[in-house]
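These values consider heavy atoms only, across backbone and side chains, with no hydrogens, waters or symmetry-generated copies. Because the structure is predicted, anything quoted here is derived from the model rather than measured.
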Amino acid sequence: MKTKMTLQILQKIPGFVLFAAFFFFAAGCIFYSCGPMGEDMPRQEVLTSLRMLGTQSENAAYEIPALPSTDVMATVSIYAASPKDLEVKLESWQPDGKLGGVLLASQDSVSVVTPVMTKEKKGALNIYTGTVKVKIPPAALWTKFPDGGGKLAFGVKLSSSAETEYGLGNILAYPAGAAQFAWKAPNLELTAPTVFTATKNKELDLVLKSDPSQNEDLLFGWFVSSGQIAGRRSKETSWTPDISGTQTIIATVRGRDSLTFAWKVFTVEVQ
């Protein structure tokens, strides 16, 4: 069973660097395999195995309870994709160590709603969706944060009989009245192409339209079932497919500050 190198590098990277990397896209994702890239290595945007794409909380932010006895639960969707037809189990996971500037939820504060992730076939990829609930820590644990709240991270484990993926999800939690409660996810639409057909080994332009709901930078990401994306973190890029048949493109966007997330899945017929 393989374990993604996310685990191997987790304790070696300062927390602020780790989260800056995570909050591109996941993404997204936020969640990526890391390793040397060479002619014989798979490109990062090409999904060759189970990959966690990102998380999306039901609310932009959650109110921090004053007392430990008060339960405030965040509902969070977990998204993943794979070219393989798998039964993917979803579990909570406790990352080792500390993450700078972020409060790390304990494993027992994360409850899994969908032990087996739902699956939907989209062209050449299978899309997996699961749900967890995360208990928001009480105010006493947020005293070292300047605004009395901030980012809450939690660990999840996705596994099948053949492979395992570990990832971090993120939630915003603040005291009552914080501006973050009004934040919203950005919109996302694909404005090009308008006809979803492509030619093998020929570039196809890809253009996203997305506007933030609040004043923040947006971080984009692309994933494909095959071929090459010219700029996998660009709003406007191109894709060169290298396999004929029905192929799949996934576009993601995340707010840098709000952590809000949106994504779209498209299928393209390649001649």
(request) List the steps, then state whether side chain to side chain contact (heavy atoms under 4.5 Å, CB included) holds for K84 with S82. (result) CA-CA 5 Å; K84 304 172 185 177; S82 174; 3.5 Å; yes

(request) Apply side chain to side chain contact (heavy atoms under 4.5 Å, CB included) to I250 and L47, showing your working. (result) CA-CA 10 Å; I250 300 173; L47 297 178; 4.2 Å; yes

(message) The test is side chain to side chain contact (heavy atoms under 4.5 Å, CB included); show your working for V268 and T246 and say whether it passes.
(response) CA-CA 6 Å; V268 180; T246 304; over 6 Å; no

(message) Would E269 and V195 count as a side chain to side chain contact (heavy atoms under 4.5 Å, CB included) here? Give the steps.
(response) CA-CA 10 Å; E269 291 299 323; V195 178; over 6 Å; no

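In this structure the side chain of T252 reaches within 4.5 angstrom of the side chain of F261, judged on heavy atoms. With a 4.5 Å cut-off on side-chain heavy atoms, T260 and Q214 count as touching. At a threshold of 4.5 Å between non-hydrogen side-chain atoms, the residues R256 and L218 do not count as touching. Using a 4.5 Å heavy-atom threshold, the side chains of F223 and V46 count as separate. Here the side chains of N126 and E120 are not in contact, with every heavy-atom distance at 4.5 Å or above. Contact check for Y79 versus W263: side-chain heavy atoms found under the 4.5 Å cut-off. The closest side-chain heavy-atom distance from L86 to E163 is below 4.5 Å. Proximity of T131 to V76: side-chain heavy atoms (C-beta onward) are nowhere separated by under 4.5 Å.
Proximity of a side-chain donor or acceptor of Y128 to a complementary backbone N or O of M52 within less than 3.5 Å is not detected. No donor-acceptor distance shorter than 3.5 angstrom exists from the side chain of D257 to the backbone of E216, with no hydrogens or angles considered. Under a 3.5 Å cut-off, the side chain of Q271 and the backbone N or O of T199 do not form any donor-acceptor pair. Remark: side-chain polar atoms of T118 are paired, donor with acceptor, to backbone N or O of T129 under 3.5 angstrom. At least one donor-acceptor pair under 3.5 Å links the side chain of T237 to the backbone N or O of G231. The backbone N or O of V116 lies less than 3.5 Å from no partner atom in the side chain of T114, so there is not a single donor-acceptor pair. A donor-acceptor contact shorter than 3.5 Å is absent between the side chain of Q228 and the backbone of W239. A donor-acceptor contact shorter than 3.5 Å links the side chain of S109 to the backbone of S106. S226 places no side-chain N or O within donor-acceptor distance of the main-chain N or O of P241, the cut-off being under 3.5 Å. Side-chain atoms of E165 do not come within 3.5 Å of backbone N or O of R51 as any donor-acceptor pair.
Counting non-hydrogen atoms of other residues, nucleotides and ligands closer than 6.0 Å to NZ of K121 gives a total above 12. In E87, the CD atom is not crowded: 12 or fewer heavy atoms of neighbouring residues, nucleotides or ligands sit closer than 6.0 Å.
Taking each heavy atom of F220 and L208 in turn, the nearest pair found is CD2-CD1, 3.7 Å. Across all their heavy atoms, F196 and L190 have their closest contact at CE2-CD2, 3.6 Å. Of all the heavy atoms in W222 and K235, the pair that sits closest is CZ2-O, 4.1 Å. The minimum heavy-atom distance between A124 and T248, with the atom names listed, is N-OG1, 2.9 Å. Between S244 and K200 the shortest heavy-atom distance is OG-CD, 3.7 Å. For the pair L152 and P137, the tightest heavy-atom approach, listed with the atom from each and the gap, is CD2-CD, 3.6 Å.
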Only distances under 3.5 Å count here; give the side-chain donor-acceptor pairs of residues 175-187 to other protein atoms, sequence neighbours excluded, each with its distance to 0.1 Å.
| residue | atom | partner | partner atom | Å |
| --- | --- | --- | --- | --- |
| N187 | OD1 | D211 | N | 2.6 |

Show the atom names and distances, to 0.1 Å, of all donor-acceptor pairs under 3.5 Å that link a side chain in residues 58-73 to residues at least two apart or in another chain.
| residue | atom | partner | partner atom | Å |
| --- | --- | --- | --- | --- |
| Y62 | OH | E58 | N | 3.3 |
| Y62 | OH | N59 | N | 3.0 |
| Y62 | OH | T75 | N | 3.4 |
| D71 | OD1 | K135 | NZ | 3.0 |

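Taking OH of Y166 as the reference point, atom CD of E91 lies at 8.0 Å (rounded to 0.5 Å). Atoms NZ and OG, from K264 and S210 in turn, are 10.5 Å apart once rounded to the nearest 0.5 Å. We find the CG-OG1 distance between D205 and T191 to be 10.0 Å, quoted to the nearest 0.5 Å. Considering CE of M117 and OG of S160, their distance stands at 11.5 Å, rounded to 0.5 Å. Between R233 atom CZ and Q44 atom CD the span is 8.5 Å, to the nearest 0.5 Å. Going from atom CD1 of I229 over to atom OG of S238 covers 7.5 Å, rounded to the nearest 0.5 Å.
Within the structure, ring pair (Phe, Tyr, Trp, His ring centres under 6.0 Å) pairs that include any residue of residues 132-152 comprise W142-F145 (at least two apart or interchain).
Under the 4.5 Å side-chain contact rule for hydrophobic residues, L204 and V207 do not share a cluster.
For the residue pair S225/Q247, the side-chain donor-acceptor check at 3.5 Å is satisfied. Side chain to side chain, Q56 and S77 fail the donor-acceptor criterion of an N or O pair below 3.5 Å.
Taking the charged nitrogens against the carboxylate oxygens, K119 and D85 do have a contact shorter than 4.0 Å, which makes a salt bridge.
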